Structures are given as C-alpha cells and as structure tokens.
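The structure appears right after this line, and notes come after that.
Naming: A, B, ... by sequence-line order, numbering from 1 per chain. From a predicted model like this one, the values you see are computed outputs, not experimental measurements.
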Amino acid sequence: MNNQFDPSGIEQALYAEWEAAGHFAPAGNGDPYCIAIPPPNVTGSLHMGHAFQHTLMDALIRYQRMRGRSALWQMGTDHAGISTQMLVERRLAAQGIEKDNIGRDAFIDKVWEWKAESGGTITQQLRRMGSSLDWSRERFTLDDGFSRAVREVFVRLFEEGLIYRGQRLVNWDPELQTAISDLEVENTDEQGHLWHFRYPLNDGRTTAAGADYLVVATTRPETMLGDTAVAVHPDDDRYRDLIGASVRLPLAGRDIPIIADTYVEREFGTGCVKITPAHDFNDNDVGTRHDLPLINIFDASATINDQAPETYRGLTREDARTRVVADLEALGLVDKIEPHALKVPRGDRSGAVIEPWLTNQWFVDIKPLAEPAIAAVEDGSIEFVPKQYENTYFAWMRDIQDWCISRQQWWGHRIPAWFDADGNVYVARSEAEARQKHGLADEVSLTQEDDVLETWFSSALWTFGTLGWPEQTAELEKYHPTDVLVTGHDIIFFWVARMIMMTLHFTNEVPFRKVYIHGLVRDEHGRKMSKTKGNGLDPLDLIDGIDLESLVAKRTSNLTQPQMAPAIEQATRTQFPEGIAAYGTDALRFTYCALASTGRDVRFDMGRIEGYRNFCNKLWNASRFVFTNIEGFDPNAERRTSDIDRWILSRLSKALTDLELAFSTYRFDMAASALYEFIWHEFCDWYLELTKPLLWDEDTDAALRAGTQATLITVLSALLRAAHPLMPFITEAIWRELGERSADAAGTIMLQSYPLAAEFDVDESATTAVEWLKRIIEAVRNIRGEANIKPSQELGLLLDGGDAQDRRLADSNATLLMRLARVSEITWLDAGAEAPAHALALAGDVRVMVPLAGLIDVGEETARLEKEIERLGKDLKRLQGKLGNENFVAKAPAEVVDKERAKAAEREQALNTLREQLEDLKKLG
RNA sequence: AGGCGCGUAGCUCAGUUGGUUAGAGCGCUACCUUGACAUGGUAGAGGUCACCAGUUCGAAUCUGGUCGUGCCUACCA
C-alpha cells in the first residue's frame, strides 16, 4: 500500500466490479427498502446539487442494504420536455435547420438521436459518485411502459371528470410559444415605469375635482388597446357619480364603461384602473364579474394582431408600447410618467416575459386530488424532514389552482385525445379505442391532439410508474410505497405535491413515507452557483482535479453575458491560483454529508473538502499501521485483552450508537462527525499510539499481543463498515487489503453487515483507566508544550496525591505513560517528602510534577501558573455565586446542586494547590 | 404584504428535551522529519452566542420586540 491514498487509482475499477457483480440490485429476504431517484434530465450533466443529493441517497441505500434490507434504489431519467426541446432546437438551428421545416416526426427523431448521443453523460457521472443505483431496472419517462402509465392516468382522470379542456387565460411564453403553469413563471423584480394616461369622459361629464377625463395608471401601456372598461372603487367619492358613465378609449376610439369593483385600491395611483380582461389575470376576473368583452390584441408571438387599430398591427409588444406612449403624448393625454418597481413574470426556461393569453388548454381539476394529499400529511402518513416544510406544503395545497397540463411542444407525451372534423374530442388510450368506445366508423377522420403533457405530469407518476403500474407487478407490491424521497425544497410544489396527489389517487398508497428536504448547494459566500456568475463548481473537477487554465476556460466559455468573462477569470485565478486538486469521490461525499445539516442551505467550502481528503489519507495510513502490526497474528492463539482494547471497543460502541441515531434521523452531518471523531481522535490519536509500546516491545506477553492485534482487526473491520455508506471506495479498497490478511474480511464490503453498538461491550473500568491515563499524559504535555521543551527531551515525572487507585493505575500503565508522555521514569513522592523545584499540573487529585532541572524557566512557569489560577479563580467565583444564591439551592434539582458543589470544591482545592506552588516558585525566582 | 429560515471564534458550521469551562474543521502562533500518515504530531491564542426586554434558581437554547440577512408565496394597476 502506498503511503498516500490515491483515489483516482481505485474508484472507477471498484465501481465497475460492483456493477458487473450485480451488487446494486436488491437481494436477500430482508424487509424491502426503496428510494426512487428524482429522475435527472436525460440529456443533462451532473451538477453540485445532484452530487449532493445522490450522496445522501446512496448513503441511505448502502446503510440499509448493510442493515439487511432488500434495498432498491430505482434508477431512471426524465425526458424534461421543454428544456430538452429547447436544447435540440438550438443545436439544429446552429446547423441551419428549423424545426418547422422538418416537421414533427423528423424533429422527434432528432431528439431521440440527441438522447442516444448525450443520454449517457449523466448516468456515467452518477457512477463516478459511487451511486449504488440498480441500473438493471433503469427507466425513462418516455419509455413504452411509462408512456402507457401516463396515458392510463390521463384517460382515467378524464373519465372521472378531473381533466377538462377549456379556453382560459393562461401563462403564455411568446418565445417558446407554449402555455406554462403558474409554477413555471418566475416573478422578477425589475425597474419600470408607471404611465398615467388621460381617458376623456363622454357626455360632458366631469370628476368631483372638475376634470373632464379620468387618469389611469399602467405599467403596460400597449395593453390599453385591449381595454374594455375603467374600474373605480364603489365607495370612492371622487368617482362615485361616474359609475355607469363611459370614457372614450384613446387611439382605439372605442367607448368603454366605468364600472365599480372592490378590486380597486383607492389609495393606489389615481384610484382608476384600466381593465384589460384578455391580458391580465386580475382584469380577467373583473371582466367576468361585469360581463365585459375580451379583446385579444396579441398573436402567439405577442405581436399586435388585427383586433387592434391598423397602425399598431404587426408591432412587437415593445414597439407597440413605444408607439402607444408617443401617440398619446402627441394627443396630450399623458398625465405623467414615473419610475416604478414592479414584478415582471418571466418563463423559467426561456426568460421571456410571460403574456397572459387566451387559448384552449387542458387542465386538471386539482382540488379533489389535493384533499386526500393534504390529509396524508396531516395524519402523518407522510412526514417531511425537516417538519417546517409541511407548512409550505399545506399553504400551497390549500390554495391550489387548476393545473394547466398541455404544452404546445413536440417532445413529450402526446395527449391521447382525438378530434373529429366538427371539433368533438374523444379521449382514449389509442385511436382504435376512441373509435370503438364512441362507435366511430373508419370513415370518420380523426386527428390526434398536437399538444403534449407537461413533464411534471409524467414525473408525478414516478414512484409507481417505474415499478410497473398499471400492471400489479411483484415489484410494485414489494417496494411501494417507497421509504423516503430525497429532494430539494425548490420542487416541493412541482413534484412532491403532485406525486402525492397522483399516487394516492391511483394506488391508494402514499408514494413515500418520508420526504427528506435537503438544502441547496451554494458557493462559499452563500450565492447560488451559476454559469453567469462563473462561481459554479463541477463535482467531477473536485473528484479528478483541474488545472487553472482549463478551469478558467471552462468558466468563461459559452457565457450568455460574455462581458462577464474578465471578472470571472480574475475571481477564478484569485480563488484557485493552483487550479483544483483531485480530492476523490469519498472526500467529496464526506464533505456533502458533513455539511448536510437539516433545513439549511449548503455553502460549499473548499477548506472542508481538503480537510476530508486528509481524513481519507488518515484512514488509509491508520489501516497501513494496522496491517504492518498484525503480521504474524495467529487467530487461533490464546489472547488476552487489555484496558486499552476494552476502552477502544467501548468508544466504538458509543460511536455506533451515534451513527444509528444519525441515520435514523437523517442527520448526515452527525454521522460524518461521529466517524471523523472516532477514527481520527480516538482510534488514531490514542488507540494506535497506545498499542505501540505493547506491540513493539519484544517482551510483551504473547496473549496480550494477540489480544491487541485481534482488537486492531475488529475495530478496523467495524469502522470500515461503519464508514462505508459515506465513503464507499476507500473503505472497499482497505477492506480488500484487510481480506488478504485476515479472515475477518472477505468479499465486498458492500454486502457486509453494518456494525451495531450492541455488538461491542462498554467496559466502564477500562474507560476509567484510559481516561485517567489520558489526563496524566495531557498534563505532562501541557507543561512540555508551554515550557517549550523539545519533544525529544525525556523528562522525569513525579506524582503526588491521589489515592490507591491512582497508584494502581499509574503502576499498570507505566509503560504507556512513559512512552506517550516521553517520560524516562515515574516516581511517587514519598509521604511528607519535599518535592524538588518543579512545574505542576493537576490531573484530578493527582499532582503531576516535572522537575525544573534546568529545563524550565521559572518565569515562564510562573506565567503559566498565573494564567491557570486566573482561569480557575474566575470559574470558582462563578460557581460560588451560584451556590450562594438561596433560590438556586432551593429550586434547582438536587442533582444539579450537588454537581455544582462538587465542581466548586474541586476548583477550590486545585486553586489552593496551584497558589502554594506559585508561592514556592516565587521564592525560587 | 404575508409565511418560513438564518444571525455562535477571522472563515464554514455543530450545539438533540434550558444546567458543558460554548465545540469542530479550516486559518493563525510556537515547537517537532520519533519506525501509519508533514494530506502528519504536540501545545496554544481566539467567542459579552446580532441587539433589547421578559420567563426562570439558571437562557446560545424558551417568549415578545428591534435590527440585519436569505428564501418562498401573493391580485396593488
């Protein structure tokens, strides 16, 4: 074994072996455990969020597999309708191909080609993360079986009256030219203007203030061409008398009524609102209440259509705005223009300004589905971790709006509906079924609906669709409901809520019992990682490393805002002057786990991954130590364990208790710190050091040596298995090395049993002994360190005080004490004898003394003591204050009071001892 | 405007039911190539737990408020 752990040399080969051996498929007769992967975009590539999420899922799956569960991690990818179609369109456009020229079928063929070409990227990258996904059951949201499930769901919902088609105002993306759902609209804060226009009153009417016009304010001047009313508040005295009167709509030259509606806020603007029912959701509601006509002035690309006056036809929204404002200005009808901050709705994929637009779309009547889904969380059938996300879920679900599921796209599940020449619609699983069900003769020509279903409609069926539904398969029976969904809070509405609704409706089961919501991965300053900001990290670069120039090139290429390139380059060169080192998958995974505190976003800190890379190296070298020191170990020989053996097994048991709790509560950070703490600070720092004197002394009793060697193997075996879910590769690599040296390790670590706390005895007396030893050693080291005594300098050690047990412990641990404290001899001060000038530290009741003997400067030692005395003095004062408080003594539990009393007594005694020592020293100085 | 978080050492974060000398990693200081590991070892410095008030014998922890900050939801044209 090399003296440095080299992840690049082992990871991919181990993964290939696991996969070839079929270790990822569920096995055995244990209770089923199942996680369905949130399907990544089939044409996508791995980013930090994926890597984080998959680390957590893989840790859970590996843990449960080792706990004996029949663990299935269901793999699959998503066709990701809009984003995939956009991507392929762009690629074709680059080759000079327009999708409309080649037609639907040819375009879809191109998308499948692209999937075949790029679809392996993400799946290969998931393998690099060590994800133990069952590839043999990989699914795709557009595969035949899944498509069948989608059609089945659509048809059944339609037959139940829960899907309907209707003309409605929807969020229209004029760039992609498709409807999108409310959730796909991002409202961005932008600076705009509030234009105040004068609409002249008809019939010589005037306002209470005497104006012969009303002033309306708008952020979208161009929509005035579609105004069909002006609304005021019914109780607004300024305009009350004008209700029922009309204004002349400028430019359009139409008369439109003045109506009263409580929707109007009197305090805002002038208290008059222009109403454009065809182009604004609120106005649409007002229009419905007042039976106003809808004038649609836009075509699908949001250019002005022929419903508007001729001069504006063919103008884009932006041009129309400019023209409308200019024309009104020319007419003297612009009252004022003021700057105004507003929310602009933009499509989450295209970034285009969304237009509320009137079209025929398919909707899900969602309320009947939402009710049981709310109940399932209320009654605890599904639990969110952390719990506060249940409130987010409830808030949205209780005010849920009908779901627009049709998209005017080509890539996706084409809606199983057929129209005849008269526009009648027939919904069925196939055209044949439509004809048969409705008795349509072959002569009747039917055309299938062009629209496809939005991607989330199909992903909503993920947990049961991937397991074979609508067939009642054995897998469905065994693995559904799944155990936990691991996902980010950004898709609770998009996906989690819809899965719960659909799954309950079609299977009468919840899709999962727990929803673990992890945070989003951000950069070290808490900013979202993005290509535009150039602050993103590629998980594979953290695993494999990348040189500075390649990193700069990667971050500055294909920018949507190329002017950002110099700033990004500079920031990159500052942060990564040497590029990024290869940390390996295990270090990356361990970092994710360590940072995964619940309910909190993750700031990815390079310092952490470096630290955990070092941790991997530590584990590697500790194993090397074990291997060289178990040479010649005979498992059949007589063996005897010592206190240190029983102590480390006790600590192991404690660490395993922490791990069991951590896994059961999804506290990956606690799991990581329990492992780190045990392996580094107990196993390496103390146990391995304590074994050295024993193992390296030729006179050591053979049985004792064998006992320690056996313990080394036992603990190493257990900690490798304990760490495996978080660090699969290094633990497997070491496991195999161990297997070559000991019968305690064989086969793959993946399929070994997870070590449990109950398997290891907690030995109180051994713990007491080793903790005592550690205290004495630390006392000596403190003196040594503070006095700047060279580590190579051997010291004489004088002990005093304590009781018979202290003497016994000192006696039985003399060798260990001498070695770890670098002490040449240990002497107990004779009763009544005077100690030579010495430095003093306390370990409980034991006075730990190091003779000055020309090694220690009296002045420095005095300073050290004074510091210690001050610290103790402060502490004692605090304790005495507390104990002097009658209320504390009377009201606090006796246990607490006793504890504080004991502490005070101990501090007092220590303080006295140190003060005496200080006096003695001063005499010397 | 509402809702949910967050504010603990220079940085990134723990701190489970109120009682610890408030912890870890990185960074920092000093010393050390001792036969697993310098991606290491030993010792050390560093925090009025954002602020104010309250509950309590006792508050980083519970309550109310203030300030700062982040996210989500919402119909102010």
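Across the protein-nucleic acid pair, A/L688 atom CG and B/U42 atom P stand 12 Å apart, rounded to whole Å. Across the protein-nucleic acid pair, A/F625 atom CZ and B/U39 atom C1' stand 19 Å apart, rounded to whole Å. The distance between atom CG of A/L738 and atom P of B/A36, rounded to the nearest whole Å, is 18 Å. The nearest whole Å value for the distance from the CG atom in A/D685 to the P atom in B/A24 is 13 Å. Distance, A/R624 CZ to B/U39 P: 14 Å, rounded to whole Å. To the nearest angstrom, P of B/G19 lies 16 Å from CG of A/D875. Note: NZ (A/K867) to C1' (B/G46) measures 12 Å, nearest angstrom. With rounding to whole Å, A/K891 atom NZ is found 16 Å from B/G19 atom C1'.
Across all strands shown, A/E689 has heavy atoms under 4.0 Å from base atoms, whether or not it also approaches the sugar-phosphate. Among the heavy atoms of the strands lying under 4.0 Å from A/H681 are primed sugar atoms or P, OP1, OP2 only; no base atom is included. Nucleic acid contact for A/A622: base, since at least one base atom lies under 4.0 Å from a heavy atom of the residue. A/C684 comes within contact range of at least one nucleobase, with a heavy-atom separation under 4.0 Å. Heavy atoms of A/W195 sit nowhere under 4.0 angstrom from any nucleic acid atom. Here A/R907 lies in heavy-atom contact (under 4.0 Å) with a base.
A gap of 10 Å separates the P atoms of B/A60 and B/A50, to the nearest Å. Taking atom C1' in both B/A9 and B/C26, the straight-line distance is 12 Å, to the nearest Å. Nucleotides B/U66 and B/A30 are separated by 44 Å at their C1' atoms, to the nearest Å. Spacing between B/C6 and B/G44 at atom P, rounded to whole Å, works out to 34 Å. Straight-line distance between the C1' atoms of B/G25 and B/G64: roughly 36 Å, to the nearest whole Å. Using P as the reference atom, B/C28 and B/C62 are 35 Å apart when rounded to the nearest Å. With P as the reference atom, B/G27 and B/C72 are 34 Å apart, rounded to whole Å. With C1' as the reference atom, B/A53 and B/A59 are 13 Å apart, rounded to whole Å.
Ion pairing between a basic and an acidic side chain is recognised when a charged N comes within 4.0 Å of a carboxylate O; A/D658 and A/K654 show such pairing. Here A/R603 does not pair with A/D523 in a salt bridge; the nearest charged N to carboxylate O distance is not below 4.0 Å. Salt-bridge annotation for A/E390 and A/K387: present, with a side-chain N of the basic residue lying under 4.0 Å from a carboxylate O of the acidic one. The pair A/D601-A/R522 counts as a salt bridge, with a side-chain nitrogen and a carboxylate oxygen less than 4.0 angstrom apart. Comment: A/R864 does not engage A/E868 in a salt bridge, judged by the lack of any side-chain N to carboxylate O separation of less than 4.0 angstrom. Contact check on A/E689 versus A/K774 returns no salt bridge, with no Lys/Arg side-chain nitrogen under 4.0 Å from an Asp/Glu carboxylate oxygen.
Applying the salt bridge (Lys or Arg N to Asp or Glu O under 4.0 Å) test to residues at least two apart or on different chains, the pairs with a partner in residues 878-893 of chain A are A/D875-A/R878, A/K882-A/E900.
Between the side chain of A/E660 and the main chain of A/T657, no donor-acceptor pair closer than 3.5 Å is present. In this structure, the side chain of A/D261 does not engage the main chain of A/A231 through any donor-acceptor pair within 3.5 Å.
The strand RNA chain B forms stems, runs of 3 or more Watson-Crick or G-U wobble pairs with distances below 3.5 Å, at B:1-7 with B:67-73, B:10-13 with B:23-26, B:28-32 with B:40-44, B:50-54 with B:62-66.
By the neighbour-count criterion of 12 heavy atoms within 6.0 Å, atom CD of A/Q909 is sparsely surrounded, having that number or fewer from other residues, nucleotides or ligands. Atom CD of A/E338 sits in a crowded spot, with more than 12 heavy atoms from other residues, nucleotides or ligands closer than 6.0 Å.
Closest to the side chain of A/V896, from the set B/C71, B/A36, B/G19, is B/G19. Here B/G41 is the nucleotide among B/C57, B/G41, B/U39 with the atom lying nearest to any side-chain atom of A/W680.
Geometrically, A/R613 does not engage A/Y583 in a cation-pi contact defined by less than 6.0 Å to the ring centre and at most 45° from the axis.
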Could you pull out all donor-acceptor pairs under 3.5 Å where a side-chain atom in residues 267-275 of chain A meets a protein atom, sequence neighbours excluded?
unit_1 : atom_1 : unit_2 : atom_2 : d
A/T270 : OG1    : A/V215 : O      : 2.4
A/T270 : OG1    : A/C272 : N      : 3.3
A/K274 : NZ     : A/T223 : OG1    : 2.7
A/K274 : NZ     : A/D227 : OD1    : 2.9
A/K274 : NZ     : A/T276 : OG1    : 3.0

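For A/R781 and B/U42, a side-chain-to-base donor-acceptor distance below 3.5 Å is absent, hydrogens and geometry of angles not being considered. Counting distance only, with no hydrogens placed and no angle test, the side-chain atoms of A/Q4 and the base atoms of B/A36 include no donor-acceptor pair under 3.5 Å.
Not one side-chain nitrogen or oxygen of A/K899 sits closer than 4.0 Å to the OP1 or OP2 atom of B/G58. A sub-4.0 Å separation between OP1 or OP2 of B/U21 and a side-chain N or O of A/K874 is absent. Phosphate proximity of B/G40 to A/N614: present, with a side-chain N or O under 4.0 Å from OP1 or OP2.
Results of the ring pair (Phe, Tyr, Trp, His ring centres under 6.0 Å) test with A/Y516 over A/F668, A/F384, A/Y389 single out A/F668 as the only residue that passes. For the side-chain contact (heavy atoms from CB on, under 4.5 Å) test with A/L720, the passing option among A/I730, A/I679, A/V715, A/I734 is A/I734; the others fail.
Mapping A/N782 and A/N629 onto RNA chain B by nearest heavy atom places A/N629 at the nucleotide closer to the 5' end.
Ring centroid separation for the pair A/F604 and A/F52 does not come in under the 6.0 Å cut-off.
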Under 3.5 Å, N/O pairs linking protein and nucleotides 73-77 of chain B:
unit_1 : atom_1 : unit_2 : atom_2 : d
B/C75  : O4'    : A/N282 : OD1    : 2.8
B/C75  : O4'    : A/N282 : ND2    : 3.1
B/C75  : O2'    : A/N282 : ND2    : 3.4
B/A77  : O2'    : A/A217 : O      : 2.7
B/A77  : N6     : A/E265 : O      : 2.6
B/A77  : N6     : A/F268 : O      : 2.8
B/A77  : N1     : A/E265 : N      : 3.1

Set out, line by line, the N/O atom pairs under 3.5 Å between protein and nucleotides 27-35 of chain B.
unit_1 : atom_1 : unit_2 : atom_2 : d
B/C32  : OP1    : A/K790 : NZ     : 2.9

In B/S/- notation (B base, S sugar-phosphate only, - none; protein heavy atoms under 4.0 Å), nucleotides 5-18 of chain B written 5' to 3' is SSS----BSSS---
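Between A/F625 and A/W696, the ring planes are tilted. Angles from 30° to 60° get that label.
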